[in-house]
**Q** 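For reference, the structure I am asking about is given below.
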Amino acid sequence: MARNYWLVKTEPDCYNIDQLVRDKRTGWGGVRNYQARNFMRDGMKVGDGVLFYHSSCEPPHVAGIARVSKPAHPDPTQFDPKDDHYDPKSQKDDPQWMQVELEFVEKFADPVSLDELRSEPALAKMRLLQRGNRLSVMPVEASEWELVLKLGGAKKG
DNA sequence: GCCAACGTTGGC
DNA sequence: GCCAACGTTGGC
């Protein structure tokens, strides 16, 4: 089966692509939205491509790409009372929240700003660009993936 | 810092 | 099960 494509958001003050470069792989934990969780749990497969988006910065931009390196498994932060994402309602035998593991692939030579994305007619339907979109994990069409990689000057994919 | 958009919560 | 209140996201 062909692989699928996704976009994940992160605030660079919190976690950014340079940290992913150093970490090489990281558990994408702390997502506390059911729709986003369901995309990770039901949609993401090992090898899927991931656009790595930096939000709440100037300008917001796609910083590079990653790939799914481990399928959905319980997010450990939900069980940790000291973690910001602790969820007291979540029990070990019935976890509410899942994460995947992401592996660094490439940092874009030319980060693609939100303005650039909006200026591309072929990206008009991109989920990220729909008004009021607040999902932190969302699917990306193959054609959108190809174009964003081209805009970013990506060598891999 | 503002605020629109949206998800979640909880009273009824 | 409705919906108002509240909290969060994220661009600007």
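The analysis underlying the following values was restricted to heavy atoms, covering all of them including side chains, and did not include hydrogens, waters or symmetry mates. Proteins come first, then strands; the chains are lettered A, B, ... in the order of their sequence lines, and each starts at number 1.
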**Q** Is the backbone of Lys45(A) close enough, under 3.5 Å, to the side chain of Asp48(A) for a donor and an acceptor to pair up by distance?
**A**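 Side chain of Asp48(A) to backbone of Lys45(A): a pair is present.
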**Q** Mind calculating the distance between CE (Met138(A)) and P (dG7(B)) to the nearest angstrom?
**A**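 Rounding to the nearest Å, CE of Met138(A) and P of dG7(B) are 12 Å apart.
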**Q** Round to a whole Å and report the spacing from NZ of Lys89(A) to C1' of dT8(B).
**A**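 Taking NZ of Lys89(A) and C1' of dT8(B), I get 10 Å after rounding.
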**Q** So which protein nitrogen or oxygen atoms get under 3.5 Å of nucleotides 2-4 of chain C's nitrogens or oxygens?
**A**
none

**Q** Tell me whether Met98(A) shares a hydrophobic cluster with Leu7(A), the cluster being built from Ile, Leu, Val, Met, Phe, Trp, Tyr side chains joined at under 4.5 Å.
**A**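 As far as the 4.5 Å side-chain criterion goes, Leu7(A) and Met98(A) are not connected within one cluster.
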**Q** In whole Å, I'd like the distance from the CH2 atom of Trp97(A) to the C1' atom of dT8(B).
**A**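 One finds 10 Å between C1' of dT8(B) and CH2 of Trp97(A), rounded.
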**Q** Can you measure from CG (Leu149(A)) to CD (Glu106(A)) and round to the nearest 0.5 angstrom?
**A**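 One finds 7.0 Å between CG of Leu149(A) and CD of Glu106(A).
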**Q** Can a salt bridge be assigned to the pair Arg41(A) and Asp75(A) using a cut-off of 4.0 Å between side-chain N and carboxylate O?
**A**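 No salt bridge links Arg41(A) with Asp75(A).
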**Q** Rounding to an integer number of Å, can you tell me how far Arg32(A) CZ sits from dT8(B) P?
**A**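 These atoms are roughly 13 Å apart.
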**Q** Taking five pairs at each end of the helix from dG1(B)-dC12(C) to dC12(B)-dG1(C), what angle separates the two helix axes (nearest 10°)?
**A**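 Rounded to the nearest 10 degrees, the bend comes out at 10°.
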**Q** Does any pair with a residue in residues 5-31 of chain A pass salt bridge (Lys or Arg N to Asp or Glu O under 4.0 Å), and if so which ones, sequence neighbours excluded?
**A**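 The answer is Asp18(A)-Lys107(A), Arg25(A)-Glu101(A), Arg25(A)-Glu103(A).
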**Q** Between Trp28(A) and Phe52(A), does the ring centroid distance fall short of 6.0 Å?
**A**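 Here the rings of Phe52(A) and Trp28(A) have centres that are less than 6.0 Å from each other.
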**Q** How long is the line joining CD of Gln130(A) and P of dC6(B), in whole Å?
**A**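 So the CD-P distance, Gln130(A) to dC6(B), works out to 11 Å.
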**Q** Without decimals, in angstroms, what is the distance between Asp84(A) CG and dT9(C) P?
**A**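 From Asp84(A) CG to dT9(C) P: 11 Å.
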**Q** Sort and list the pairs that fulfil ring-ring contact (aromatic ring centres under 6.0 Å, His included) and have at least one residue in residues 66-121 of chain A, not counting sequence neighbours.
**A**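 ring-ring contact (aromatic ring centres under 6.0 Å, His included) check on residues 66-121 of chain A returns Tyr34(A)-Trp97(A).
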**Q** Can a side-chain donor-acceptor contact be found between Arg32(A) and Thr77(A) if the only test is distance below 3.5 angstrom?
**A**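 Per modelled atom types, Thr77(A) and Arg32(A) side chains form a pair under 3.5 Å.
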**Q** Whether the side chain of Thr10(A) engages the backbone of Tyr15(A) through a donor-acceptor N/O pair (distance < 3.5 Å, no angle test) should be reported.
**A**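 Pair found, side chain donor or acceptor close to backbone of Tyr15(A).
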**Q** Can you pull the salt bridge (Lys or Arg N to Asp or Glu O under 4.0 Å) pairs that have at least one residue in residues 86-100 of chain A, sequence neighbours excluded?
**A**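 Every pair satisfying salt bridge (Lys or Arg N to Asp or Glu O under 4.0 Å) with a residue in residues 86-100 of chain A: Asp87(A)-Lys89(A).
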**Q** I'd like a table of atom pairs between the protein and nucleotides 10-12 of chain C - only N or O on both sides, under 3.5 Å - with the distance next to each one.
**A**
unit_1	atom_1	unit_2	atom_2	d
dG10(C)	OP1	Lys9(A)	NZ	2.7
dG10(C)	OP1	Arg134(A)	O	3.2
dG11(C)	OP1	Tyr53(A)	OH	2.7
dG11(C)	OP2	Ser56(A)	N	3.0

**Q** Please report the interatomic distance NE2(His54(A)) to CG(Leu114(A)), rounded to the nearest 0.5 Å.
**A**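 With rounding to 0.5 Å, NE2 (His54(A)) is 14.0 Å from CG (Leu114(A)).
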